[in-house]
Enquirer: 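Structure incoming, see below.
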Number of protein chains: 2
Amino acid sequence: MIENSYYTHEHHGEYELVSIGELQLEEGGVIPDCELAVATFGTLNAARDNAIFVSTWYSGTHQIWRDAYIGPDHALDPTKYFIVVVDQIGNGLSTSPHNATGANAGIAMSKFPHVRIGDDVVAQERLLREHFGIETLQLVTGGSMGAQQTYEWAVRFPEKVKRAAPIAGTAQNTPHDFLFTKALIDTITCDPGFAGGEYSSHEQVVDGLKRHAGIWAVVGFSTEYFKTEAWRSLGFETVEQFMEQFLEPYFTAMDPNDLLTMAWKWQRGDVARHTGGDLAAALGRISAKTFVTPIDEDMFFPVRDCAAEQALVPGSELRVINDVAGHLGLFGVSAGYMPQVDALLSELLATPV
Amino acid sequence: MIENSYYTHEHHGEYELVSIGELQLEEGGVIPDCELAVATFGTLNAARDNAIFVSTWYSGTHQIWRDAYIGPDHALDPTKYFIVVVDQIGNGLSTSPHNATGANAGIAMSKFPHVRIGDDVVAQERLLREHFGIETLQLVTGGSMGAQQTYEWAVRFPEKVKRAAPIAGTAQNTPHDFLFTKALIDTITCDPGFAGGEYSSHEQVVDGLKRHAGIWAVVGFSTEYFKTEAWRSLGFETVEQFMEQFLEPYFTAMDPNDLLTMAWKWQRGDVARHTGGDLAAALGRISAKTFVTPIDEDMFFPVRDCAAEQALVPGSELRVINDVAGHLGLFGVSAGYMPQVDALLSELLATPV
């Protein structure tokens, strides 16, 4: 157990920690007491059929969804829907390497087991069913690794998912993204302060986390984002400020082992595990009305990769979001981003299924 | 002076080391005895007007030009032209941190001064004039950092350059590429074996050089290169083989300080230094018939960045090369690459000026 003030209510507002008990993992490990951090918005109706489920991306938490995506002026409207955002395992709020204690003490830090996207979705489904009594979802959505979880939901529990909107992510991780994630992993593990995962403070890995931010700058945004100095919209005067006051602090606050747990999971996201490697067969199981929504300037989940999967999802539509910020447009940094997301999610939610 | 068997005739065939004497550098430093590695192909005619000049890219040497680009079956035909390939300063064959000795002993290793693209071009022009008596060039070309040098030639010595073909590179480095190069630099400097540039063997930095290769894999090729497993054309069975037997050995053979010298230079390539920051004015000086030739899948010198510069070069044309390999298509790894390069260089050379 490592102290880290980032993963607290002070930084993440209201959320509830809900134990779903022991979680057996696909890779053979066990989380003895799997706690999921859950933030809800709105009220579950009596029929329990107005729920929307949202999962989180790499390094992300429910916070960005609360701040950018959810509200009465958004498609994810808590006056109409009961919106449940669950932090993914390993993200620092749900059970994670740095916070494993008590019954989980045996899997702390470097001893944390490998977790897969499927493990998260199994845990999430159990949480929704046992804790909230929710059996159907009007919509499942998420960005990046949240898109991976969205696809996993739609393939694994097709009868429960009425609509799906995977944003800026794929159902089967690409070989390029595996290499990208490896480069991210390397920035942390090569830091002498990482000490094989047994550091005593994440601050000992600050150099690695800054390099981590450096690679995100290169691949996470777009060439045009920097060419047009679009970061000025965030109030910065120089690109150095943008790095030193925005992207680097974002990552240096985080726990290295937690990031590595998510990175390993991201690298191996693949719904075709359900069908012996047959991606078409896996995506063919989806019965949700699906909008596949890549971002046009995304450098590592390019439109063509998302479009190729969309073609395999029955009745789905390709809805491309235009954003010069590229993948990290997910943060809502561009003024034009949220109106597009709201428009397509509103249309999807209004589509009878 | 560090021993490194990569930078030898055994690995690089025939080349001549030519001293151009002392080189005063734009940043204020001095190379006391600047030696340029020069490989020539063909024969200079009596009028000394059949010369083509080629410069080298980051990590590259004359070798790839000899092996892939030059020959009687190519546009760069030594039966017609006298082709001079000059290795850039810091590339390990010309004067570089790892080989600085004798008169250059004072600038060895971490003491090597900052070199700019302009320094290379001044040195190259002196070499061509004093050593070969060449005053005009039928063509100047190069890829990536070689494109930077090509633009510098065309802006600095417009009367000497009849034709120019900058391939997969820009006249003014982009802010995105500055960050990309920084990420590359960080992989080396964060290695404890780098020891502030005072290692005693490049093998002490092998981990950093492998990470260097890892980032090149992500940004140097394209998402589609890996999606389509195009590396199979090189004879590999798995992407791991491709990395461990191709891209990693390519970089781990090299000298870290030499790479850093080139990286610093790359980050700051900018012909607008001649015109007080006015890029249009600088490119407007070019009188060479110019084909601007980006590669369509290039992730960090995208077509639009090259096209924006092309629009500023009088009488120039945009000629896009199609190659799924992206930027590192420059290696000639795709069967379709060289025919396109040969066609456009042949057309350019046949264009009266």
Side-chain angles (χ1 to χ4, degrees), chain A residues 170 172-194 205-208 210-231 238-240 242-243 247 297-306 308-309 324 326, chain B residues 170 172-194 205-208 210-231 238-240 242-243 247 297-306 308-309 324 326:
Chain A
T170 53
Q172 182 174 65
N173 199 39
T174 67
H176 175 268
D177 281 14
F178 192 96
L179 293 170
F180 169 41
T181 315
K182 180 174 185 300
L184 291 170
I185 290 169
D186 287 348
T187 62
I188 291 173
T189 55
C190 78
D191 192 320
F194 179 66
V205 196
V206 64
D207 292 340
K210 282 185 183 172
R211 291 191 296 271
H212 203 81
I215 293 183
W216 271 107
V218 175
V219 188
F221 293 94
S222 73
T223 58
E224 200 69 359
Y225 187 74
F226 292 102
K227 190 73 175 279
T228 60
E229 302 188 345
W231 39 261
T238 66
V239 69
E240 289 78 17
F242 170 72
M243 290 302 300
L247 208 57
E297 291 277 357
D298 196 318
M299 290 182 76
F300 60 98
F301 287 117
V303 172
R304 63 183 161 202
D305 285 351
C306 300
E309 294 186 338
V324 72
Chain B
T170 54
Q172 183 175 65
N173 199 39
T174 67
H176 175 269
D177 281 14
F178 192 96
L179 292 171
F180 169 41
T181 315
K182 179 173 185 302
L184 291 171
I185 290 169
D186 286 349
T187 62
I188 290 173
T189 55
C190 78
D191 192 320
F194 179 66
V205 196
V206 63
D207 292 341
K210 282 185 183 173
R211 291 192 296 271
H212 202 82
I215 293 182
W216 270 108
V218 175
V219 188
F221 293 94
S222 73
T223 58
E224 201 68 359
Y225 188 74
F226 293 103
K227 191 72 175 280
T228 59
E229 302 189 343
W231 40 261
T238 66
V239 69
E240 290 77 17
F242 169 72
M243 290 302 299
L247 208 56
E297 291 276 358
D298 196 317
M299 290 182 78
F300 60 99
F301 287 117
V303 172
R304 64 182 160 203
D305 285 351
C306 300
E309 294 186 339
V324 72

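Just the heavy atoms: all of them, side chains too, but no hydrogens, waters or symmetry mates, feed the values below.
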Enquirer: Pair B:Trp216, B:Phe242 - check ring pair (Phe, Tyr, Trp, His ring centres under 6.0 Å), show working.
Expert: CA-CA 13 Å; B:Trp216 270 108; B:Phe242 169 72; over 10 Å; no
Enquirer: Using a 4.5 angstrom heavy-atom cutoff, name the option from A:Met299, A:Lys210, A:Arg304 with the most pairs to chain B.
Expert: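 Looking at each option in turn, the highest pair count goes to A:Arg304.
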Enquirer: Which bit of A:Asp207 is near chain B, if near means a heavy-atom gap under 4.5 Å: side chain, backbone, both or neither?
Expert: neither
Enquirer: Taking all non-hydrogen atoms of both residues, which atom of B:Val205 and which atom of B:Gly193 are closest, and how far apart?
Expert: CG2-O, 3.8 Å
Enquirer: So, taking the atom named OG1 in A:Thr170 and the one named CZ in A:Phe301, what distance separates them when rounded to the nearest 0.5 Å?
Expert: 4.5 Å
Enquirer: Does any heavy atom of chain B fall under 4.5 Å from the side chain of A:Glu224, the backbone, both, or neither of them?
Expert: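 When you check distances to chain B, atoms from both the backbone and side chain of A:Glu224 fall under 4.5 Å.
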Enquirer: Check each atom of A:Asp305 against the heavy atoms of chain B and say whether the ones under 4.5 Å are side chain, backbone, both or neither.
Expert: both
Enquirer: Going from CZ on A:Arg211 to CD1 on A:Ile188, what distance comes out if it is rounded to the nearest 0.5 angstrom?
Expert: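 These two atoms lie 9.5 Å from each other.
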Enquirer: So, are A:Lys227 and A:Glu297 salt-bridged, with charged N and O less than 4.0 Å apart?
Expert: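 No.
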Enquirer: Out of curiosity, B:Phe300 CZ to B:Asp298 CG, how far, rounded to the nearest 0.5 Å?
Expert: 5.5 Å
Enquirer: Give the interface residues of residues 177-185 of chain B toward chain A, defined by a heavy-atom separation under 4.5 Å.
Expert: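 Listed by number, the contacting residues are B:Leu179, B:Phe180, B:Ala183.
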Enquirer: For the pair B:Leu247 and B:Trp231, evaluate side chain to side chain contact (heavy atoms under 4.5 Å, CB included) and give the outcome as yes or no after the intermediate values.
Expert: CA-CA 11 Å; B:Leu247 208 56; B:Trp231 40 261; over 6 Å; no
Enquirer: So which of A:Gly214, A:Cys190, A:Pro192 has the largest heavy-atom pair count under 4.5 angstrom toward chain B?
Expert: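 Ranked by heavy-atom pairs under 4.5 Å with chain B, first place is A:Cys190.
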Enquirer: Calculate, to the nearest 0.5 Å, the distance between atoms CD and OG1 belonging to A:Glu309 and A:Thr174 respectively.
Expert: 9.0 Å
